[in-house]
Visitor: 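Have a look at this one.
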Amino acid sequence: MNPTEIYDALAEIAAKPFDPNEFPFAFAEATDAAKAAISKLRNGSTNKSDLPGGVLFNKKFHYAPALKGLTDVTLDQLRASKKTKASKPAILIASDGETIAAEHPASGDTLHCTFSELGDHFGFFLPAAGKERYRAVEENPVDVKATGKLARLYDALTKANPDWGSDERRHEMNQLMMRLIFCMFAEDVGIFPDNQFSRLLFTHAGDKGEEARETIIAAFNAMNLPKDKRGSLPAWTAELEYVNGGLFAGTIDAPRFDTISFRYLRDACDLDWREINPDIFGSMIQSVADPKQRSELGMHYTSVPNIMKVIGPLFLDDLDAEIHKAWDRAKALQQVLDRMSRIRVFDPACGSGNFLVVSYRELRARETRILQRLEELNGPGSMQMFSAIPISNFYGIEIADFAAETAKLALFIAEYQANASFAEVFGRRPAALPLKDAAHIRTGNSLRENWDEVCPPPAEGEEVFIAGNPPFLGSTYQSKEQKADLAFVFAEHIKSFAAFDFVAAWFFKASRYIRGYSARAALVSTNSICQGYSVAALWPHVLGSNLEIGFAHKDFKWRNNASANAAVICSIIGIRNQSKEPKRLFADNLESSADNINGYLVNAPTVAVEGTRNGLFGLPSMEYGNKPVEGGYLLFTAEEKDALLEQEPRTRDFFRPFMGSKEVVNGYRRYCLWITPQTLDEAKSIPAIASRIERVAEFRAGSTDAYVREKLLPLSYRFKQVFEAKSHSILVPSVTSERRPYLPVERVGADVIASNLNQVLYDAPEWCIALIASRLHLVWIATVCGKLKSDFRYSNTLGWNTFPVPKFSEDQLAELSASARRILKCRYSHFPKTIAELYDPDKMPDDLRAVHRENDDLLETMYIGRPFRNDTERLEKLFKLYAAKVKSQDKKGARA
DNA sequence: CATCCGACATGCT
DNA sequence: AGCATGTCGGATG
């Protein structure tokens, strides 16, 4: 049975009246138990249940009928049952026919729903069918459990109070959740004595939560007032602690609790909150408020190792060095402490506050170390034992209200936990309550906010460190609002910004913020802003004449513990005011010091190759391939082509081989219908083709691109962009694997139609192949072109037109042509091996390696009279030639 | 009209 | 089910 069938079966049970005796067997059947197993269960021979009317199916489920309104009690009995412990059922189920209470004993995850919703919660019951519900996030189990419980509570509350799910009340709803979490955490760690919150809540809220709303409101109001000012509140609130700290400031309201939401509240209170990680937990519960995000639970939260990659080189490493240097001198250590108390950390895209929490924790840990050392140096009792690092030194901006509330809470919890470790070391702890101050978390659109207002720039003696992981989004994927945000940031400073990735705006704002101040910034980014077109377009504006890249982590694959990871390669870029301090470059798990880190995140002088439509070095011009934009209706696999040919032999003359990257590299075959104005009438007379042309028109009519929708509609018999060779084409696949030692390039006849996944030299001389297939060319392309992830992405404007070559003589060109032919011939001798197979770095044939080597030696000798020693030397020479050419062009331009 | 890109998309093994 | 590796066409200059 697949999950859909299980859903149907459970829904069917739910639709019928509840029969407490029949239910377990129907449930067993619905969850895919064998007929024989069910009859054994029915006749009692395998039923091990020790509860009245109960049915225990070994390893699958333990069910017991409940008296009206007492499903919770029955669930407790199921949980406590000795037989449950012995036979480890995946699910416990109690029902009275009105509601269901269920639990996964392994994870402690619970479900409360009405009986009629049984089918809707089929996912919860899948373990009874031996199916995993979903791949659990590999995180602290407490965090996972807590997230699940909170999500259910949130859902149940918004279901019972639809208005609390609306935009107007979202903030109040989120505040409520955070306050509840704080209370549950506080009583578990002992900030609240005697479980006072849940004890009073469940004493005064009624059995089914009838009074839960009023009780919660009264309790929260009390926590916001010193104990002597609670005259207007119910007497029982006198006992509650005064919390303050802003957490209970502002409006206090609560939704009505129905039986189900009240049960989830009880479940949440039962959880042990002591072990939650405020850093990761925060990002996980972000998904609570946004059901859409649930499936990608925590997909974009930054893991602690990645946060450390940012804040380490940003300021912690420097601090550690200073502490190390001062280690034996009390006065110097005291100065470090003073410095630390004046460090402020600002995350302009703080989400649930991971960066702030981890930064706070790291600073507090260092502070504790220093205080310990000072006590050693000055003698016991000599130190005033309090922390000089307040959470009010931490600033954030976050657009999502729930996340912003979470961030505040996470810092409270982090503070508490830091104080607890402080107490472990010194036996004294700062008073936990009332909370003194809060982090400065602004709920808003970071790109619209004035950062100076959120986090005032550092005064003399202060420092501000900006750290974070802003969202990445290419221009194709940006919403209207996001495009407007980009314009808001860039319009008055830069002409062309619309093609920037969304993350570029954060770098730009950070650069304006830190300029001239004792402030630095480091942000996680997609690596694409340090590749190709972006380098010349963005970095000069970010850095200007006063800033520099102080450190960078180049190209690492995004990873966190979420089950589905975002597919992106990241870089971390730290910017600062120009400084004599060393620069650090992290690449391929190695750290090196750099004289200069340029926009490509390479230790080299600052250069940025700008794309150009004109060849700088007189190479033949390279064009685009044919861009279909036709919904696939003019394209065919070999089988599809043969099928159509059989059905309609007249289509034969319209088929042409169609080659993109895959066809060149992996030897696949595809075909397209190639129709010209001259052959259009004949083509249309063939119904199979005519109908395809119509489908193309339909497809194009639905495009968001006005040009495709309007201008291209009458041209539906052909591709969007059309090119044809006269004698032959040289194809250069535009996206190919970074693993190959040489770029793929192929020569094909004029019958072949090249797709836009190739760049094409139409009817060009063969020596071009010798250039493209050279190591020199690969090194150049790898450096100056864009990438897809870290794979090569060939570009005519950025790569081919800018590729520096010496002035070749006719003889040299003839030699290169001969070399190109040798490479092609060698490949053919390995027929039918594909380029992918031949250029697999582990399996490349020796003779092919040899002809490439010869080709490299031949070409490189034309540059410098001998082969280059390594890629570094190759790049240096190429950049030197490039720079010289650009300079001479500029002069020409100036003269003209 | 030409080009650059993808907190990707998807087929492999 | 993770890893390798390039489609497709929107959006921009």
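So that the names make sense, note that chain A is the first sequence line, chain B the second, and so on, each numbered from 1.
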Visitor: Give a yes/no on whether any side-chain N or O of Asn796(A) is located under 4.0 angstrom from OP1 or OP2 of dA2(B).
Guide: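 Answer no for this pair, as no side-chain N or O of Asn796(A) is under 4.0 Å from OP1 or OP2.
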Visitor: Of all the choices, dC4(B), dA2(B), dG6(C), which nucleotide is nearest to the side chain of Ser795(A) once you look at every atom?
Guide: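 The answer is dC4(B), which lies nearest to the side chain.
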Visitor: Within the structure shown, what part of the strands sits under 4.0 Å from Thr736(A) by heavy-atom distance: base, sugar-phosphate, or nothing?
Guide: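 Thr736(A): backbone/sugar contact only, no base atoms under 4.0 Å.
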Visitor: CG of Leu757(A) versus C1' of dT7(C): gap in Å, rounded?
Guide: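 Leu757(A) atom CG is separated from dT7(C) atom C1' by 6 Å.
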Visitor: Can you tell me which residue among Thr302(A), Asn354(A), Asn306(A), Asp347(A) is in a side chain to side chain donor-acceptor pair (under 3.5 Å) with Asn469(A)?
Guide: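 Checked Thr302(A), Asn354(A), Asn306(A), Asp347(A) against Asn469(A); only one passes side chain to side chain donor-acceptor pair (under 3.5 Å): Thr302(A).
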Visitor: Which part of the nucleic acid, if any, lies within reach of Pro470(A) when heavy atoms closer than 4.0 Å are counted: base, sugar-phosphate only, or nothing?
Guide: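 Base contact.
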Visitor: Rounded to the Å, how far apart are Phe472(A) CZ and dC8(B) C1'?
Guide: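 Atom-to-atom, Phe472(A) to dC8(B), this comes out as 14 Å.
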Visitor: Between Phe617(A) and Lys885(A), is there a cation-pi geometry (under 6.0 Å to ring centre, at most 45° from the normal)?
Guide: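 Positive - Lys885(A) is close enough to the ring of Phe617(A) and near enough to its axis.
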Visitor: Can you tell me if the side-chain N/O atoms of Arg739(A) get under 4.0 Å from OP1 or OP2 in dT5(C)?
Guide: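 Indeed, a polar side-chain atom of Arg739(A) lies that close.
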Visitor: Indicate, with a heavy-atom threshold strictly under 4.0 Å, whether Tyr533(A) touches base, sugar-phosphate, or nothing.
Guide: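 Contact class for Tyr533(A): sugar-phosphate only.
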Visitor: Give the rounded distance in Å between these two atoms: OH of Tyr633(A) and P of dC8(C).
Guide: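 Computing the Tyr633(A):OH to dC8(C):P distance gives 13 Å.
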Visitor: Tabulate protein N/O versus nucleotide N/O from nucleotides 9-13 of chain B, keeping only pairs under 3.5 Å, one per line.
Guide:
none

Visitor: May I ask you to verify if any side-chain N or O of Thr476(A) is less than 4.0 angstrom from the OP1 or OP2 atom of dG10(C)?
Guide: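 No, because none of the side-chain N or O atoms of Thr476(A) sits under 4.0 Å from OP1 or OP2 of dG10(C).
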Visitor: Describe the nucleic acid contact of Gln721(A) in one word from base, sugar-phosphate, nothing, applying a heavy-atom distance below 4.0 Å.
Guide: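 The residue Gln721(A) makes base contact.
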Visitor: Using a cut-off of less than 4.0 Å, is there contact between a side-chain N or O of Ser661(A) and OP1 or OP2 of dT7(C)?
Guide: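 The answer is yes; a side-chain N or O of Ser661(A) sits under 4.0 Å from OP1 or OP2.
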Visitor: Do you know which of Arg827(A), Arg849(A), Lys833(A) makes side chain to side chain donor-acceptor pair (under 3.5 Å) with Tyr839(A)?
Guide: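 When side chain to side chain donor-acceptor pair (under 3.5 Å) is applied between Tyr839(A) and each of Arg827(A), Arg849(A), Lys833(A), only Arg827(A) qualifies.
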Visitor: Which nucleotide, dG6(C), dC5(B), dA7(B), lies nearest any side-chain atom of Arg793(A)?
Guide: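 Of the candidates, dC5(B) comes closest.
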Visitor: Just so I know, are the side chains of Ile772(A) and Met622(A) near enough to count as touching, which here means a heavy-atom distance under 4.5 Å?
Guide: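 The answer is yes; the side chains approach within 4.5 Å.
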Visitor: Applying side-chain hydrogen bond (donor to acceptor under 3.5 Å, both in side chains), name anything that partners Tyr671(A), two or more places apart in sequence or on another chain.
Guide: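 If we apply the side-chain hydrogen bond (donor to acceptor under 3.5 Å, both in side chains) test to Tyr671(A), skipping adjacent residues, there are no hits.
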Visitor: Any chance NZ of Lys711(A) has more than 12 other-residue heavy atoms, nucleotides or ligands included, within less than 6.0 Å?
Guide: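 No, the 6.0 Å shell around NZ holds no more than 12 heavy atoms from other groups.
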Visitor: Reckon Lys787(A) touches a base, only the sugar-phosphate, or nothing at all at heavy-atom distances under 4.0 Å?
Guide: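 Lys787(A): backbone/sugar contact only, no base atoms under 4.0 Å.
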Visitor: Would you kindly say whether Gln531(A) and Ser528(A) are connected by a side-chain donor-acceptor distance under 3.5 Å?
Guide: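 Their side chains do not contain a donor-acceptor pair, so the 3.5 Å distance test is not met.
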Visitor: Are the aromatic rings of His541(A) and Phe507(A) close, with centres under 6.0 Å apart?
Guide: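 No, the ring centres sit 6.0 Å or more apart.
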Visitor: Any residue in residues 694-705 of chain A with a heavy atom nearer than 4.0 angstrom to DNA chain C? Just list them by number, or reply none.
Guide: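 Nucleic-acid contacts, sorted: Phe699(A), Ser703(A), Thr704(A), Asp705(A).
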Visitor: Check the phosphate of dG9(C) against Arg709(A), side-chain N and O only, distance under 4.0 Å to OP1 or OP2. Yes or no?
Guide: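 No.
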Visitor: Using the C1' atom as the reference point in each nucleotide, state the distance between dC8(B) and dC4(B) in Å, no decimals.
Guide: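 After rounding to an integer number of Å, I get 15 Å for this pair.
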Visitor: Between dT3(B) and dA7(B), how many Å separate the two P atoms, rounded to a whole number?
Guide: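 Approximately 23 Å lies between the P atom of dT3(B) and that of dA7(B).
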Visitor: Nearest heavy atom decides the nucleotide; on that basis, is Val629(A) or Val735(A) closer to the 5' end of DNA chain C?
Guide: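 Taking each residue's closest nucleotide, the earlier one in sequence belongs to Val735(A).
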Visitor: Taking the side chain as everything from C-beta on, heavy atoms only, tell me whether Val760(A) gets closer than 4.5 Å to Phe723(A).
Guide: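 They are not in side-chain contact.
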Visitor: In whole angstrom, give the distance that lies between atom CZ of Phe719(A) and atom P of dT7(C).
Guide: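 Rounded to whole Å, this separation is 14 Å.
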Visitor: Would you say Arg670(A) reaches dC8(C)'s phosphate, i.e. side-chain N/O to OP1/OP2 under 4.0 Å?
Guide: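 Arg670(A) to dC8(C) OP1/OP2: side-chain N or O found under 4.0 Å.
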Visitor: Could I get the full list of side-chain contact (heavy atoms from CB on, under 4.5 Å) partners for Ala499(A), not counting sequence neighbours?
Guide: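 Ala499(A) satisfies side-chain contact (heavy atoms from CB on, under 4.5 Å) with Tyr533(A) once adjacent residues are dropped.
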Visitor: Given the ring of Tyr600(A), does Lys554(A) sit roughly above its face, with NZ or CZ under 6.0 Å from the centre of the six-membered ring and within 45° of the axis?
Guide: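 No cation-pi geometry.
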Visitor: Can you list the residues that meet the salt bridge (charged side-chain N to carboxylate O under 4.0 Å, His left out) rule with Arg669(A), with sequence neighbours excluded?
Guide: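 Salt bridge (charged side-chain N to carboxylate O under 4.0 Å, His left out) check on Arg669(A) returns nothing, list empty.
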Visitor: How does DNA chain B look in dot-bracket notation if pairs are Watson-Crick or G-U with both distances under 3.5 Å, crossing ones as [ ], other-strand ones as |?
Guide: ||||||.||||||
Visitor: Is the shortest side-chain N/O distance from Arg613(A) to OP1 or OP2 of dA2(B) below 4.0 Å?
Guide: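 For dA2(B), neither OP1 nor OP2 has a side-chain N or O of Arg613(A) closer than 4.0 Å.
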Visitor: Should the pair Phe719(A) and Phe658(A) be assigned to parallel (<30°), tilted (30 to 60°) or perpendicular (>60°) ring geometry?
Guide: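 Perpendicular, since the angle between the ring planes exceeds 60°.
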Visitor: What integer distance in Å separates Ile529(A):CD1 from dC5(B):P?
Guide: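 Nearest whole value for this atom pair: 12 Å.
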Visitor: Have a look at Pro733(A) and say if it touches a base, only the backbone sugar-phosphate, or nothing, with a 4.0 Å heavy-atom cut-off.
Guide: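 Touches nothing.
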Visitor: Report which part of the nucleic acid Lys483(A) touches: base, sugar-phosphate, or nothing (heavy-atom distance under 4.0 Å, all strands).
Guide: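 Contact class for Lys483(A): sugar-phosphate only.
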Visitor: Over all strands shown, is Gly631(A) touching base, sugar-phosphate only, or nothing at heavy-atom distances under 4.0 angstrom?
Guide: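 Counting heavy atoms under 4.0 Å across all strands, the contact made by Gly631(A) is with sugar-phosphate only.
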Visitor: Do Asp751(A) and Arg656(A) sit within salt-bridge range, that is, some charged N less than 4.0 Å from a carboxylate O?
Guide: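 A salt bridge is absent here (no side-chain N lies under 4.0 Å from a carboxylate O).
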Visitor: Report the nucleotide, chosen from dA7(B), dC4(B), dG9(C), that has the shortest atom-to-atom distance to any side-chain atom of Asn756(A).
Guide: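 Of dA7(B), dC4(B), dG9(C), dG9(C) is nearest to the side chain of Asn756(A).
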Visitor: In terms of the nearest nucleotide of DNA chain C, which residue is placed more toward the 5' end: Ala498(A) or Leu635(A)?
Guide: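 Looking at DNA chain C, the more 5' nearest nucleotide goes with Leu635(A).
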Visitor: On DNA chain B, compare the nucleotides closest to Met622(A) and Asn469(A); which residue's is nearer the 5' end?
Guide: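 Going by which nucleotide is closer to the 5' end, it is Met622(A).
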Visitor: If you look at every strand shown and take non-hydrogen atoms under 4.0 Å, does Ser755(A) touch a base, only sugar-phosphate, or nothing?
Guide: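 Here Ser755(A) touches no strand at all.
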